[in-house]
Colleague: 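Sharing a structure, written as structure tokens. Questions coming.
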Amino acid sequence: MLDDHKVHTRIKLAALWASVMFCYIYADYFGLFSPGQLASMNKGLIPPLGRSTDGVMIFVSAMMVIPSLMIFLSTVLPPRPNRLLNILLGAVYTAIISLTMWSGAHFIFYGVIEIALTLLVVFYAWTWPRRP
């Protein structure tokens, strides 16, 4: 019989955030193949945010860096702030994905998966086991 070790909540959360990041990156990568996308990029436009100003680029970068950091933070933060941050950011990213996934079939496909993953982040953080 195969041994089945219990996976710690921290590792589950880190793995979920890593999966969210891979889906985020692949969805954006495949989005580059949409007709007119590269022409829009060459004009310095980020639909639906407009011109790629420093402010817009920092906003988009922050949206990408937070899930990236959560992979690490989920493994090193103390349990209480870890749990709170995962619940908060999991819910925030569920909302962000829900609002931004509607620009093409492949974005909807990835969006549904990303929403499931971020809801699992919230679930695992919410149900983090307590010591007796």
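Position 1 is the first residue of the sequence; numbering continues from there.
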Colleague: Closest heavy-atom contact between Gln37 and Gly31?
Modeller: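 For Gln37 and Gly31, the tightest heavy-atom pair comes out as CG-O, 3.5 Å.
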Colleague: Going through the distances and angles, do Met70 and Val121 end up as a side chain to side chain contact (heavy atoms under 4.5 Å, CB included)?
Modeller: CA-CA 11 Å; Met70 286 307 296; Val121 165; over 6 Å; no
Colleague: Please check this pair: side chain of Ser52 against backbone of Ile46, looking for a donor-acceptor N/O pair closer than 3.5 Å.
Modeller: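 Side chain of Ser52 to backbone of Ile46: no pair is present.
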Colleague: Between Pro78 and Pro81, which heavy-atom pair has the shortest distance, and what is it?
Modeller: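 Looks like O-CD, 3.3 Å.
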Colleague: Are Leu99 and Leu117 joined in one hydrophobic group, where the rule is that I, L, V, M, F, W and Y side chains link up if heavy atoms are under 4.5 Å apart?
Modeller: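 No, it is not one cluster - the side chains of Leu99 and Leu117 are not joined through contacts under 4.5 Å.
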Colleague: Can you tell me how far the CD1 atom of Ile25 sits from the OH atom of Tyr110, to the nearest 0.5 Å?
Modeller: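 Rounded to the nearest 0.5 Å, the CD1-OH separation comes out at 11.0 Å.
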Colleague: Hey, does Arg51 have a side-chain heavy atom less than 4.5 Å from the side chain of Val56?
Modeller: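 Result no, sub-4.5 Å side-chain heavy-atom pair not found.
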Colleague: Taking the side chain as every heavy atom from C-beta outward, state whether Lys12 and Leu120 have any atom pair closer than 4.5 Å.
Modeller: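 Not in contact.
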Colleague: Can you hop from Trp17 to Val7 via hydrophobic side chains spaced under 4.5 Å?
Modeller: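 No.
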Colleague: At their closest point, which heavy atom of Thr94 faces which heavy atom of Gly90, and how far apart are they?
Modeller: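 Looks like OG1-O, 2.7 Å.
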Colleague: Can you tell me if Arg10 uses its side chain to pair, donor with acceptor, with the backbone of Leu77 under 3.5 Å?
Modeller: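 Checking the backbone N and O of Leu77 against the side chain of Arg10, a donor-acceptor pair under 3.5 Å is found.
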Colleague: Donor-acceptor pair, distance only, cut-off 3.5 Å: does the side chain of Thr118 make one with the backbone of Glu114?
Modeller: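 Present.
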Colleague: Donor-acceptor pair, Tyr93 side chain versus Met63 backbone, under 3.5 Å?
Modeller: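 Between the backbone of Met63 and the side chain of Tyr93 there is a qualifying donor-acceptor contact (under 3.5 Å).
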Colleague: Please round to the nearest 0.5 Å and tell me the distance separating atom OH of Tyr24 and atom CD1 of Ile97.
Modeller: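 These two atoms lie 5.5 Å from each other.
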Colleague: Quick check: do Leu38 and Phe33 have side-chain heavy atoms less than 4.5 Å from each other?
Modeller: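 Not touching, per the 4.5 Å side-chain cut-off.
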Colleague: Do you know which two heavy atoms are closest between Cys23 and Ile113, and how far apart they sit?
Modeller: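 Heavy-atom minimum between the residues: SG-CG2, 3.8 Å.
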Colleague: Report whether Tyr29 and Phe109 are members of the same hydrophobic cluster (ILVMFWY, side-chain heavy atoms less than 4.5 Å apart, transitive linking).
Modeller: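 The answer is yes; both residues are in one hydrophobic cluster.
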Colleague: Cluster question for you: counting only ILVMFWY and a side-chain heavy-atom cut-off of under 4.5 Å, with indirect links fine, are Leu13 and Trp126 together?
Modeller: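 Result: no, two separate clusters.
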Colleague: Can you see which heavy atom on Pro129 is nearest to which on Thr9, and at what distance?
Modeller: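 Taking Pro129 first and Thr9 second, the nearest heavy atoms are CD-OG1, 3.3 Å.
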Colleague: Rounded to the nearest 0.5 Å, what separates atom CG in Leu84 from atom CG in Leu89?
Modeller: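 Rounded to the nearest 0.5 Å, the CG-CG separation comes out at 9.0 Å.
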Colleague: By side chain to side chain donor-acceptor pair (under 3.5 Å), which residues pair with Ser19, not counting sequence neighbours?
Modeller: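 Partners of Ser19 under the side chain to side chain donor-acceptor pair (under 3.5 Å) test: none.
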Colleague: Starting at OG1 of Thr75, measure out to CG of Leu73 and round the result to the nearest 0.5 Å.
Modeller: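 Thr75 atom OG1 to Leu73 atom CG measures 7.5 Å (nearest 0.5 Å).
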Colleague: Please check if the side chain of Arg83 supplies one atom and the backbone of Thr127 the other of a donor-acceptor pair under 3.5 Å.
Modeller: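 Side chain of Arg83 to backbone of Thr127, a donor-acceptor pair under 3.5 Å: no, none is there.
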Colleague: Are Leu119 and Trp128 connected into the same hydrophobic cluster when the rule is that any two of I, L, V, M, F, W, Y join if their side-chain heavy atoms are below 4.5 Å apart?
Modeller: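 Yes, same cluster.
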Colleague: So which atom in Asn82 and which in Ser74 form the shortest heavy-atom distance, rounded to 0.1 Å?
Modeller: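 Heavy-atom minimum between the residues: ND2-O, 2.8 Å.
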